[in-house]
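Along the sequence shown, residues are numbered consecutively beginning with 1.
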Amino acid sequence: METSFGLFFFLKKPKGYKEGEIPVYMRLTVDGVSCEISTKRKVDAAKWNVSAGRMIARLDAGKTFNGYLDTLQQKLFEAKRKLLELDLPVTCTSVKNKMLGIEEKKDERMVLEIFAYHNKQMNELVGKDYAAGTMQRFETALRHTRSFIEYKYGVADYPISKLDFEFIKEYEFWLKSVRNCDHNTTMKYLANFKKIVIHCIKSGWLVKDPFMAFKMTKREVDRVALTEPELKALVQKNFGTRLKLVRDIFLFSCFTGLAYADVKKLKRSEVTIGNDGEEWIVCKRQKTDVPSHIPLLPMAKKLLDEYYNHPQCIETGMVLPVHSNQKMNAYLKEIADICGLNKELTYHIARHTFATTVTLSNGMPIETVSKMLGHRNLKTTQHYAKILNNKIGEDMKAIKDKWNF
């Protein structure tokens, strides 16, 4: 039996809507899974009570219109009652189909229901087996899958048994064309969906893997980082109070490798004394929940000391007074212009700068860098090493004399 059951009526503006009456839909939610049903009626937005989910009753047509909605609501609850009497599962799709008179196979498994149940279980394991960032990506993947099915097939859900290669190819095309995702982002969403498909195969609900002939390869991405002269120019430039704070926090990322989200949540208690007697940052990455252990370089320590008595840091217990990501990125554009940097400064660049210019370029072993960056495997860190062509030349020079006969 379902554990939660909800229904409300709302106005749904069609694509390209400018003015006029708006279609009224009813949204049914069962155990966190939602589907929408058209009422085949329209109403002026000015005559609609959003909180009540009904037309304003004091209007002449209000009582008649609301009576029609009440009838639809009764039909939906009647559909639920019939499913219970027949000992059939009460789901968003089954109630909708029963109300609309659509016959459904008793044992038919549906894509979105399985996906939603997977996410529900995953959410209960956040902080144990999964990071919050992973949960967020799967929720986004579920929303995209729901939108694609509605867009392509015009239905609230799609049978698992009908999944095939064409479905995957059409989904890929939709992500790239309608959602305007780049290739690698598209592959990430498809990888999330593939996890659901594999679960269905292992459970015996799907005979053939629709991904069998589909290539999930990602394309190489050029990772931009600041060069040593650019980094020094940024350190030495004098700024006013507003931009100086943003520059300093950006530099802190350049000399620790922490992403924006990790700097923002970094607490004073996460800066500790290591076995070597030096100060270390010991924290977990928000994105992956993987531990990072980072010895503080002099520049990073200097920045922490400078803001130690900042009122916001004292009040919150955080190491730095970090602004919102949107505001920080806007100020970073100003900083790049002032310093004459022909690069768009972002916190991704700061992290890349730590991985390449600060560490790998100065001979630090890639295994050590990987540990500090909080990567799950060395392959992720190796992407940074690929851009160090100058390092390759320096390494070869070191052995030229040995092999110069």
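The CD1 atom of I335 sits 10.0 Å away from the CG atom of L341 when rounded to the nearest 0.5 Å. From C254, atom SG reaches atom NE2 of H352 across 11.0 Å, with rounding to the nearest 0.5 Å. Atoms CZ and CG, on F9 and D70 in that order, are 7.5 Å from each other to the nearest 0.5 Å. Here the CG-CD1 distance, from L373 to I294, works out to 7.5 Å after rounding to the nearest 0.5 Å. Distance check: R247 CZ to I338 CD1 gives 10.5 Å after rounding to the nearest 0.5 Å.
Side chain of N362 to main chain of V358: a donor-acceptor pair is present (N/O by atom type, distance under 3.5 Å, no hydrogens or angles). With T39 contributing its side chain and V24 its backbone, the two residues share a donor-acceptor pair below 3.5 Å. In terms of modelled atom types and a separation under 3.5 Å, the side chain of D31 and the main chain of S4 share a donor-acceptor contact. Side-chain atoms of R179 do not come within 3.5 Å of backbone N or O of F148 as any donor-acceptor pair. N66 places a side-chain N or O within donor-acceptor distance of the main-chain N or O of M55, the cut-off being under 3.5 Å.
The existence of a salt bridge linking R81 and E78 is confirmed by a sub-4.0 Å separation between a basic side-chain nitrogen and an acidic carboxylate oxygen. Checked for salt-bridge contact, D337 and K333 miss the test: no charged N lies under 4.0 Å from a carboxylate O. For E306 and K302, the salt-bridge test fails: no basic side-chain N is under 4.0 Å from an acidic carboxylate O. Salt-bridge formation is detected for the pair K169/E172: a Lys NZ or Arg NE/NH1/NH2 atom is positioned less than 4.0 Å from an Asp or Glu carboxylate oxygen.
Enclosure of atom CD in E36 by more than 12 non-hydrogen atoms of other residues, nucleotides or ligands within 6.0 angstrom is indicated.
Residues E315 and Q312 form no side-chain contact, since every pair of their non-hydrogen atoms from C-beta on lies 4.5 Å or further apart. The side-chain heavy atoms of K265 and D262, taken from C-beta on, include a pair separated by under 4.5 Å. Residues I281 and S292 are not in side-chain contact: their nearest non-hydrogen atoms beyond the backbone lie 4.5 Å or more apart. Side-chain contact between M372 and H293 is absent, with no heavy atoms from C-beta onward closer than 4.5 Å. Side-chain contact check for D157 versus V111: some heavy-atom pair is nearer than 4.5 Å. The side-chain heavy atoms of R268 and I314, taken from C-beta on, include a pair separated by under 4.5 Å. The shortest side-chain heavy-atom distance between P295 and W280 falls under the 4.5 Å cut-off. Using a 4.5 Å heavy-atom threshold, the side chains of F138 and T134 count as touching.
Side-chain contact of H183 with K176: a donor-acceptor pair under 3.5 Å is present, judged by distance alone. With no hydrogens or angles considered, no side-chain donor-acceptor pair links Y117 and E113 at under 3.5 Å. Side-chain N/O atoms of S361 and T356 include no donor and acceptor closer than 3.5 Å. For Y260 and T346, the side-chain atoms include no donor-acceptor pair closer than 3.5 Å. Using modelled atom types, one finds no donor on one side chain facing an acceptor on the other under 3.5 Å when comparing T140 with R137.
Between H310 and Y307, the ring planes lie tilted relative to each other; the angle falls in the 30° to 60° range. Under the 30°/60° scheme for interplanar angles, the aromatic rings of W174 and Y151 are found to be tilted.
Under the 6.0 Å cut-off for aromatic ring centres, F5 and F77 qualify, their centroids lying closer than that. When ring centroids are compared, F167 and Y158 come within the 6.0 Å threshold.
Remark: K194 fails to qualify as a cation-pi partner of F214 under the 6.0 Å distance and 45° angle criteria applied to the six-membered ring. With F65 as the aromatic partner, R41 does not meet the cation-pi criteria of under 6.0 angstrom to the ring centre and within 45 degrees of the ring axis.
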Could you go step by step and tell me if K120 and E124 meet the salt bridge (Lys or Arg N to Asp or Glu O under 4.0 Å) rule? CA-CA 7 Å; K120 181 181 178 182; E124 294 177 3; 5.5 Å; no
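Listed by chain and number, the residues in a ring-ring contact (aromatic ring centres under 6.0 Å, His included) with W48 amount to none (sequence neighbours excluded). By the ring-ring contact (aromatic ring centres under 6.0 Å, His included) test, F173 pairs with no residue at all, sequence neighbours left out.
Just one of Y153, Y189, F193 meets the ring-ring contact (aromatic ring centres under 6.0 Å, His included) condition when paired with Y171; it is F193.
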